[in-house]
There are 2 protein chains.
Amino acid sequence: MDPTQMLSRSEEAEQFLKQLSNKTRLMVLCSLLEGERSVTELLDDVPVTQPVLSQHLALLREAEFVATRRSGQTIYYRLADNRIIQIMNLLYGFFCADN
Amino acid sequence: MDPTQMLSRSEEAEQFLKQLSNKTRLMVLCSLLEGERSVTELLDDVPVTQPVLSQHLALLREAEFVATRRSGQTIYYRLADNRIIQIMNLLYGFFCADN
DNA sequence: GCTCAATATTAGCTTTAACTAATATAGATT
DNA sequence: AATCTATATTAGTTAAAGCTAATATTGAGC
């Protein structure tokens, strides 16, 4: 591969992985693997304060790893990137599968 | 999953991903996907200075993502973690496959 | 229109990651 | 043993990520 392209592709991949490299975001994404969740539901699953969760959700939105849907004052999050589903399944196998 | 376990597993996964989340390390690992390489050969592939490459190689060794073999004054690096091979192949598909 | 519940944003601080520059080690060669 | 080549390490600086605390926004219900 041409060196300039290799560099820019590895920068993209770096960016992608960094957006994923956080325990709170990983727990959120893992929870969303099971389906749509409101912020309040995520707060039950993930041991962080509301503002911190909200900051991480903002990052996941900007990365377009998740998408949202509003219903009244409740906002539902869901996975929106097929790459994330693939990576999360792989990580689940590495770190969470019981065997 | 029990909340304490979920937290500690997501911390492990975070650590694992962070060790991977760097363009230089990604280029090194990508190069090693094709087989063993000496540091000098890696320097030809990866656009960084020798001390910087060496720092990243040290990190990859500590993470046990790679292993080494010495032959005279030359040190050869190779991939040593099957999880890395799986993730790198996935990332290659996401960011480097031409289609 | 006021109040409450759900969610988001901003500022300030601290920690961690990565770079540069200089130097060190270790094996090979003369 | 002196020198060269290959590789590693260390110290110092800068930049980026994540937290806390405070506050803002938005929709619902009275």
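The sequence lines fix the lettering, A, B, ..., with proteins before strands; numbering per chain opens at 1.
Going from atom CG of N22(B) over to atom P of dA15(D) covers 17 Å, rounded to whole Å. What separates CG of L26(B) from C1' of dA18(C) is a distance of 14 Å, to the nearest Å. Computed from coordinates, the E14(B) CD to dT15(C) C1' distance equals 13 Å when rounded to whole Å. When the C1' atom of dG18(D) is taken as reference, atom CG of L53(A) falls 14 Å away, rounded to whole Å. Atom CG of L60(B) is separated from atom P of dA17(C) by 14 Å (rounded to the nearest Å). The CD-C1' distance, from Q15(B) to dT16(C), rounds to 11 Å in whole Å. The interatomic distance linking Q19(A) (CD) with dG18(D) (P) rounds to 10 Å, in whole Å.
Looking at T74(A) and V39(A), their side chains never come closer than 4.5 Å, going by heavy atoms from C-beta outward. D45(B) has its side chain out of reach of V28(B): every pair of non-hydrogen atoms, C-beta onward, lies at least 4.5 Å apart.
Applying the side chain to side chain contact (heavy atoms under 4.5 Å, CB included) test between S31(A) and each of L42(A), L26(A), D44(A) identifies L42(A) as the sole match.
Side-chain N/O atoms of H56(A) include none lying less than 4.0 angstrom from OP1 or OP2 on dA17(D). Considering only side-chain N and O atoms, R70(B) lies nowhere under 4.0 angstrom from the phosphate OP1 or OP2 of dT7(D).
With hydrogens and angles ignored, the 3.5 Å screen pairs a side-chain donor or acceptor of R9(A) with a backbone N or O of C96(B). Using modelled atom types, one side-chain atom of E41(A) and one backbone atom of S38(A) make a donor-acceptor pair closer than 3.5 Å.
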| note | Per-nucleotide protein contact along nucleotides 2-14 of chain C, 5' to 3', at a 4.0 Å heavy-atom cut-off (B base, S sugar-phosphate only, - neither), is ---BSBBBB----

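Not counting sequence neighbours, the partners of L43(A) by the side chain to side chain contact (heavy atoms under 4.5 Å, CB included) test are Q50(A), L53(A). Remark: Q73(A) engages no residue in a side chain to side chain contact (heavy atoms under 4.5 Å, CB included) (not counting sequence neighbours). Among residues two or more places apart in sequence or in another chain, the side chain to side chain contact (heavy atoms under 4.5 Å, CB included) test is passed with S71(A) by R69(A), Y76(A).
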Identify each donor-acceptor pair in which a side-chain atom of residues 58-68 of chain A lies under 3.5 Å from a protein atom, sequence neighbours left out, and give them as a table.
residue : atom : partner : partner atom : Å
R61(A)  : NE   : Y77(A)  : OH           : 3.0

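When each of K18(B) and S71(B) is assigned the nucleotide of DNA chain C with its nearest heavy atom, K18(B) is the one assigned upstream, toward the 5' end.
Helix bend of the helix from dG1(C)-dC30(D) to dT30(C)-dA1(D): the angle between its two end axes, each built from five pairs, comes to 10° after rounding to 10°.
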